2 protein chains.
Amino acid sequence: MGKLEAYVRKGERVTIRDVALGAGVSVATASKALNEQGRMTVETRERVQRVAQRLGFRPNAMARALVAQRSFTLGLLTNDTYGRFTLPVVAGLSAAMADRGVSVFLCAVEDDPERVRLNLNAMEDKRVDGLVIAGKRIDRALPIALPPQRMPVVYVNAACPPQGVGFVPDDDGGAYAAVTHLLGLGRRRVTHVSGPRDFEAVGLREQGWRRALDEAGLPVPKAALFGSWSEGFGYETGHALMRTPRAADRPDAVFCGNDQIARGLIDALMHLGVRVPDDVAVVGFDNWEIFAQATRPPLTTVDMELKELGSQAGLTLLDMIDGKPVTEGLQRRPCRLAVRQSCGGQAR
Amino acid sequence: MGKLEAYVRKGERVTIRDVALGAGVSVATASKALNEQGRMTVETRERVQRVAQRLGFRPNAMARALVAQRSFTLGLLTNDTYGRFTLPVVAGLSAAMADRGVSVFLCAVEDDPERVRLNLNAMEDKRVDGLVIAGKRIDRALPIALPPQRMPVVYVNAACPPQGVGFVPDDDGGAYAAVTHLLGLGRRRVTHVSGPRDFEAVGLREQGWRRALDEAGLPVPKAALFGSWSEGFGYETGHALMRTPRAADRPDAVFCGNDQIARGLIDALMHLGVRVPDDVAVVGFDNWEIFAQATRPPLTTVDMELKELGSQAGLTLLDMIDGKPVTEGLQRRPCRLAVRQSCGGQAR
DNA sequence: CTGAAAGCGCTTACAG
DNA sequence: CTGAAAGCGCTTACAG
């Protein structure tokens, strides 16, 4: 058995044929031995496995796919090229899938229907078992002309058609948790500053904020303030808020619709000599480390658990592929509050 | 020909057999017709193509791969989960590859050798034609135990072994361009503030800065300042710089090692009442939109052209796969200066 | 010009 | 217990 390597033509990849030859069995037997299928003497099975090991045999997944009618491959289509929202999703998806032997193709499509077509065709040609379509906002669909051939599809952070399956963060719940945390720390006048009204996420976060105040029996201090997702808007609003004549009407906490707004707002407060969190506590949304950590003090913020979202989406897709029943419609997955210092006091 | 669909078993994917049946030719002929191979009457060829079209036939890429001994598939391994540097690379790679019919598997591996092994095995099983390995700093290798089977590999933003092929941004050139631009605008005392010394990129950017000053016959005003890649460091340094006793010793421009430092530095200057760019011009590095745009005034900064880097890497990998000769070693690709307002005056 | 055969690398009934 | 055969969906010499 020392001359095992003689069986494999040099430079060529080792195939199951080489293994069979080396173990002195048929290809069929080799296959069964390697896959723990069929009945045979342990001696044979082990011999085959030993040879395979020795030769560094790795079965050709495409050949297997051809017979299994299953490629153990997924496609990920996204228009979020900057990846701020999508990359964690992909990382979570990719990791969860890798553990199950499935690999994922990444298709960056911008918002160009032509590129969508191109990539969708590629995914069809490669016979992916399913598709995840990831966007950057939950109320917009990608310009996708019906994935082909009834291929299973799950949507993440994107609009999901009537009978579809989709995952998004629970914006309402995340907001509720943030505001509740603030209230638990004794804050009573919690204002909300957020992005553009036409984002569904904005409405949901506002709703969670409102719900928390209601349940605590607090009056909603003043309508939430809506603008853009930018630091600039946070900065202006910080100034505007502090311009309120009676101090008792000023907020003692601000729940922001994203971390950039929170960052700008904190800068404004600092600029005005208002102490954070002592005078005004601030909480953000996104847990975008680069902002959350750079803020002085570091920002308490809602984490959307995007990795988890990606892995859930993948697992569900696998179930669909296996023909298992999955719950239809949009699922809102829990967010997690990342507590740092801007909210004042880790606990109460 | 109206009953063409009768040839394809319902629910099943249409194969070349269905096309052949529908066109009344053999599978071999159908194949040749579709691939524009071999000789046959245009009539036959067109009939086959028409039928294929009609049936929505898409050839199974895995079956073709099996015979072509080529999967038209690439693997992308990265440890940059947050994707700040890698996502543009992937987008560029993915787009360029899609145009050539090759798809890319994304493997997010963190820095865990176990996951690297797992994903590398998956890539081998799937018989990818090549691998691109993308990192987040040019002087660190990923913990990769020799890609298997002499598979072609190209490195991006990562250390590259002796005989390897790699692509990184031209840090020296980018810095040189930035500083030259500043000098062209009349600045004479250009200081450099950057990240940790042990990053190779830091050394290269410093070198470009120095070179530009030398060529202009200007003395290097003072040693560059090295710290961390953070806003905080930029902020502190901004203060420190302005503390210099004699005004004539203070810089009239600062070239920063990244956009975060630039951002912090600008904040400090603003805080001190120093006008940007009037009193001090500032240039960053990275062109990370979220910072470059949020800065007041918007930041002039060096763009590393990461998308381009990704597409170049992919194209080169394709050449290697095709057995074409490619230039060995690390290639430093040009950066581009994104001119905004923080440098003062778009032109001279 | 067209088709039968062999083969890419595997797996899976089905015989022996 | 083991192996020959057929087949997954294609392509490519090679005959006719």
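No experiment lies behind these values; they were computed from the predicted model shown. Chain identifiers are assigned alphabetically (A, B, ...) following the order of the sequence lines, protein sequences preceding nucleic acid strands; residue numbering begins at 1 within each chain.
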- Task: Considering only atom P, compute the distance from dG7(C) to dA4(D) and round it to an integer number of Å.
- Result: 16 Å
- Do the side-chain N and O atoms of T73(A) and S103(A) include a donor-acceptor pair separated by under 3.5 angstrom? no
- Query: Between R50(A) and E43(A), is there a side-chain N and carboxylate O pair less than 4.0 Å apart?
  - Reply: no
- With P as the reference atom in both, quote the distance from dT2(C) to dG9(D) in angstrom, rounded to an integer. 25 Å
- Kindly point out which of dC1(D), dC8(D), dG3(C) is positioned nearest to the side chain of V25(B)? dG3(C)
- Item | Atom CD of Q53(B) with >12 non-hydrogen neighbours under 6.0 angstrom | no
- Task: May I have the distance from M40(A) (atom CE) to dG3(D) (atom P), rounded to whole angstrom?
- Result: 9 Å
- Is the backbone of Q312(A) close enough, under 3.5 Å, to the side chain of T316(A) for a donor and an acceptor to pair up by distance? yes
- Item | Residue-phosphate contact under 4.0 Å: S26(A) side-chain N/O, dA4(D) OP1/OP2 | no
- Task: Evaluate whether atom CD of E36(B) has more than 12 neighbouring non-hydrogen atoms of other residues, nucleotides or ligands under 6.0 angstrom away.
- Result: yes
- Would you say a side-chain N or O of Q69(A) is under 4.0 Å from OP1 or OP2 of dG9(D)? yes
- Message: Between R70(B) and D322(B) (salt bridge meaning N to carboxylate O under 4.0 Å), is one present in this structure?
- Response: yes
- Give the rounded distance in Å between these two atoms: CG of L55(B) and P of dG9(D). 14 Å
- Item | D18(B) CG - dC8(D) C1' separation (whole Å) | 14 Å
- Could you check how far CZ of R39(A) sits from P of dT2(D), rounded to whole Å? 12 Å
- Readout for nucleotides 10-16 of chain C: B = base within 4.0 Å of protein heavy atom, S = sugar-phosphate only, - = neither; 5' to 3' it is BBBB---
- Message: Test of understanding: with side chain to side chain contact (heavy atoms under 4.5 Å, CB included), list the residues that count as partners of R64(A), not counting sequence neighbours.
- Response: N35(A), P59(A)
- Message: How many whole angstroms separate atom CZ of R70(A) from atom P of dG9(D)?
- Response: 16 Å
- Across all strands shown, which nucleotide pairs with dC1(D) by Watson-Crick or G-U wobble geometry, both distances under 3.5 Å? dG16(C)
